[in-house]
K.L.:
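What follows is a single structure, and I will ask about it in a moment.
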Amino acid sequence: MAVIGIDLGTTNSLGAVWKEGEVCLIADGLGNRMVPSVVAIDEEGNILTGQAAREEELLHPERCASNFKRYMGTEKVYSLAGRKFTPEELSALILRRIRKDAEEYLGEEITEAVISVPAYFNNDQRYATKLAAELAGIYCERIINEPSAAALAARKADMEGEQLFLVFDFGGGTLDVSIVDCFEDIVEITAIAGDNHLGGTDFDQAIARAFCEENGVDWNCLEKSRQQALLFESRRCKEQLSARNEAMLEFCIGTDSYAMELTTNKIFQIGQRLFQRMKNVISRAVRDSGLGLEDITNVLLAGGSSRLPAVQMFLSRLFERDVMIGEEPDLLIARGLGVYTGIKERREEVKDLMMTDVCPFSLGTSTAGNAPGDPEKMCMMIERNSVLPCRAEMIFTTSGDYQDRILFKIYQGENYNPDANLKIGELGIPVVKAPKGKARVQVAFTYNINGILEVSAVDCYTKASVKTTVVSGYKQLSTQQIAAIKGQMEGMKYLPREQEERKAILAMGERLYAETVGDARRYVEQALGYYQHAWSTSSPIQIRKAGKRVMQMLLNVEVEQNYSVFEEFFDDSREE
Ligand code: ADP
Ligand code: MG
């Protein structure tokens, strides 16, 4: 029974394990390692995940859900084809899919996973992630911060001396920057900073809006589905820039068709504000670690958006030298998780590896102002970038006469004013009635290696104590409740693997056929024909083989890469 690592992303998810002395990324039946984090219900009521669901979303958004990671731990409910799902249930479907892929790929049962979460995830979101794992039939003892997982991938066994890395993880919706100090077998995270509302989708938005502005179209007057379609095209056009210098964004509105040329320079122009925000995050991480930009040995790229040439150019300019490392940035976190599973299983090659992590934000409580009537102010208990696990204690007293209770409001954030921080919970404790300033309560904050905060308070006179793991009540489901949801989920209809793969390929192929003309369209047509032929042979091996090849080819058509590879493709597929 193996432990797998899962990068449960907003846009894409991946699985990894430690196998035969190295990290092995899990591939599905079509050879894809990235699973789009999308869930759909098809016309027959079957659950679809990954690429098949992503295709469905373009045609029938009302039966699909994506981006649900953003709502983990909240009360948001999704309705898909009349059926209700919580973000945890949707995430569970993605985790389940990855578990199944891994079981097939490795030929063994998977019962445990290490799952990565954004560093800024609070207790609710972390519990929600654990719950999702449980619903997917996986035990998740360890939650690990995404930038920390990336840091593990940064370390190379043959590295010499001390290396200071800046990990730049730029995904679909978030940017995380971490500073990592690697020396021999120790990987030490010294600072983390992030912006959880800055990612690839902001570029898609900026491109779509620039397109409208340039063509005299009012974005706000577009129907929701047209906005969605334009964003999809903007995203694709943006992604093409990593393979070529310019890309053309073409889009029809009503009966008119419009176009805009996209280049790296243009990205700089329309994304100016976004680049400024990137710079702020980098500065904060570097400053918090007590370093200067010149001390950084290398910048490690992670996340799909760091493929954008404009982003890489921006980083080179900022560091004034060529510091980038990153071949497959979207896989980096999963690679780190693979290393972590190796450590967890105490595999020979990595068993001595040690990683220290930090708390990504400050945690504290509010206290009364200096004089009656003054606004409350923050009292920081654990400061950001403290090494985990950490604990802080402080004595508090009453601010009113004969007060019989003290209520501690618990916040996460860096602001002086408590209301500007995120309130994550509260803890009330009864105290002996006494004149103000006489009662004494000792409060302790404990932040563990999974990033889960526990707060306790003890009355110093009566020794009575209270304690809370800071989490909103409604997410604390009982074992029976969890079993009931799990039962419901097991009762849903899932397509057999090869049927789901077939749906993905046909939908994607038909979409690309409609979207392309000329050579590209001819290749798509041939590829679909080749795949359908494989099905008519009813040989599972032929079907699998054709599926893999056709999927890779369609992915290439999607980013409009050099078509000569397709000539070769058909040359040797004819030989078989
Ligand atoms: P997440 O961590 O949010 O799940 P990923 O790391 O997979 O996301 O990144 C997804 C984002 O990366 C999307 O916004 C996507 O448009 C962007 N992306 C993927 N490939 C490229 C590329 N070649 N060029 C630019 N952006 C890309
Ligand atoms: Mg990610």
Side-chain angles (χ1 to χ4, degrees), residues 5-16 25 32-38 50-51 54 66-72 90-91 94-95 98 115-121 129 144-151 153 167-178 194-208 231-247 249 262-264 266-268 271 274 278 300-315 326-337 555-556 558-561:
I6 302 178
D7 168 8
L8 182 59
T10 316
T11 326
N12 293 300
S13 299
L14 287 101
L25 298 178
N32 288 334
R33 294 177 295 190
M34 275 198 268
V35 177
S37 306
V38 185
Q51 189 63 32
R54 190 170 167 221
S66 56
N67 277 326
F68 35 85
K69 178 174 170 181
R70 289 190 154 253
Y71 299 96
M72 288 288 271
L90 294 167
S91 295
I94 299 294
L95 293 173
I98 291 179
I115 303 178
S116 60
V117 298
Y120 61 83
F121 256 25
T129 305
I144 180 169
N145 290 332
E146 285 165 6
S148 315
V167 182
F168 185 84
D169 178 8
F170 197 22
T174 57
L175 170 66
D176 272 311
V177 169
S178 49
D195 185 329
N196 49 18
H197 294 286
L198 177 61
T201 50
D202 295 293
F203 279 96
D204 305 344
Q205 281 276 352
I207 295 166
L231 285 170
F232 182 83
E233 286 307 319
S234 303
R235 169 176 170 172
R236 190 159 52 173
C237 197
K238 170 193 79 176
E239 292 178 5
Q240 285 172 356
L241 288 180
S242 45
R244 46 167 70 196
N245 290 327
E246 73 273 304
L249 176 55
L262 194 64
T263 59
T264 292
K266 186 131 199 185
I267 296 269
F268 275 123
L274 305 176
M278 267 177 234
L300 232 98
L301 301 179
S305 297
S306 65
R307 285 183 190 268
L308 203 62
V311 168
Q312 299 183 5
M313 219 180 267
F314 159 80
L315 290 170
E327 277 141 47
E328 294 178 297
D330 4 35
L331 311 181
L332 193 78
I333 295 194
R335 287 195 196 288
L337 285 165
L555 287 170
N556 283 335
E558 180 117 79
V559 291
E560 272 185 52
Q561 274 171 357

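Both counts, for ligands and for their atoms, begin at 1 and track the order of listing.
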K.L.:
Just jot down the ligand 1 atoms closer than 4.0 angstrom to any heavy atom of Gly200, in number order.
P.N.:
14 (O)

K.L.:
Looking only at distances, please establish whether an N/O atom of ligand 1 is found under 3.5 Å from an N/O atom of Asp204.
P.N.:
no

K.L.:
How many angstroms lie between atom CD1 of Ile6 and atom OG1 of Thr129, to the nearest 0.5 angstrom?
P.N.:
11.5 Å

K.L.:
Using atom types as modelled and distance alone, determine if a side-chain donor or acceptor of Ser66 lies under 3.5 Å from a backbone N or O of Val38.
P.N.:
no

K.L.:
May I ask you to identify the nearest protein heavy atom to atom 23 (N) of ligand 1, giving residue, atom name and distance to one decimal place in Å?
P.N.:
Ser242 OG, 2.8 Å

K.L.:
Considering only the protein, which heavy-atom contact is closest to atom 19 (C) of ligand 1, and what is its distance?
P.N.:
Glu239 OE2, 3.6 Å

K.L.:
Out of all atoms in ligand 1, which are within 4.0 Å of some heavy atom of Gly303? Include the element for each.
P.N.:
6 (O)

K.L.:
Considering only non-hydrogen protein atoms, determine which one is nearest to atom 13 (C) of ligand 1 and report residue, atom name and distance to 0.1 Å.
P.N.:
Gly172 CA, 4.0 Å

K.L.:
Under 4.0 Å from a heavy atom of Thr10: which atoms of ligand 1 are those, numbered in the order shown and with their elements?
P.N.:
1 (P), 3 (O), 4 (O)

K.L.:
Among all the protein's non-hydrogen atoms, which is closest to atom 25 (C) of ligand 1, and how far away is it?
P.N.:
Leu308 CD1, 3.6 Å

K.L.:
Report the nearest protein non-hydrogen atom to atom 27 (C) of ligand 1: residue, atom name, distance rounded to 0.1 Å.
P.N.:
Gly304 O, 3.2 Å

K.L.:
Closest non-hydrogen protein atom to atom 2 (O) of ligand 1, residue and atom name please, with distance?
P.N.:
Gly171 CA, 4.0 Å

K.L.:
With atoms numbered from 1 as shown, which atoms in ligand 1 lie under 4.0 angstrom from a non-hydrogen atom of Gly9?
P.N.:
4 (O)

K.L.:
Among residues at least two apart in sequence or on other chains, which ones pass ring-ring contact (aromatic ring centres under 6.0 Å, His included) with Phe68?
P.N.:
none

K.L.:
Can you see which heavy atom on Val311 is nearest to which on Met278, and at what distance?
P.N.:
CG2-CE, 4.3 Å

K.L.:
Can you measure from CG (Asn196) to OG1 (Thr10) and round to the nearest 0.5 angstrom?
P.N.:
10.5 Å

K.L.:
Okay, side chain of Ser13, backbone of Ser37: is any donor-acceptor separation there less than 3.5 Å?
P.N.:
no

K.L.:
Please check: side-chain N/O of Lys69 versus main-chain N/O of Leu8, any donor-acceptor pairing under 3.5 Å?
P.N.:
yes

K.L.:
Taking only heavy atoms of Arg307 into account, list the atoms of ligand 1 that are under 4.0 Å away from them.
P.N.:
20 (N), 21 (C), 22 (C), 23 (N), 24 (N)

K.L.:
Any donor and acceptor pair, going by atom type alone, linking the side chain of Gln312 with main-chain N or O of Ser306 inside 3.5 Å?
P.N.:
yes

K.L.:
Need the ligand 1 atom indices (1-based, order shown) with element for anything under 4.0 Å from a heavy-atom of Ser305.
P.N.:
11 (C), 12 (O), 14 (O), 17 (C), 26 (N)

K.L.:
Identify the closest protein heavy atom to atom 1 (P) of ligand 1: which residue and atom is it, and at what distance?
P.N.:
Thr11 OG1, 3.4 Å

K.L.:
Arg54: which residues meet the salt bridge (Lys or Arg N to Asp or Glu O under 4.0 Å) condition with it, sequence neighbours left out?
P.N.:
none

K.L.:
To the nearest 0.5 Å, tell me how far Leu175 CG sits from Asp169 CG.
P.N.:
7.5 Å

K.L.:
Among all protein heavy atoms, pick the one closest to atom 7 (O) of ligand 1 and tell me residue, atom and distance.
P.N.:
Asn12 ND2, 3.0 Å

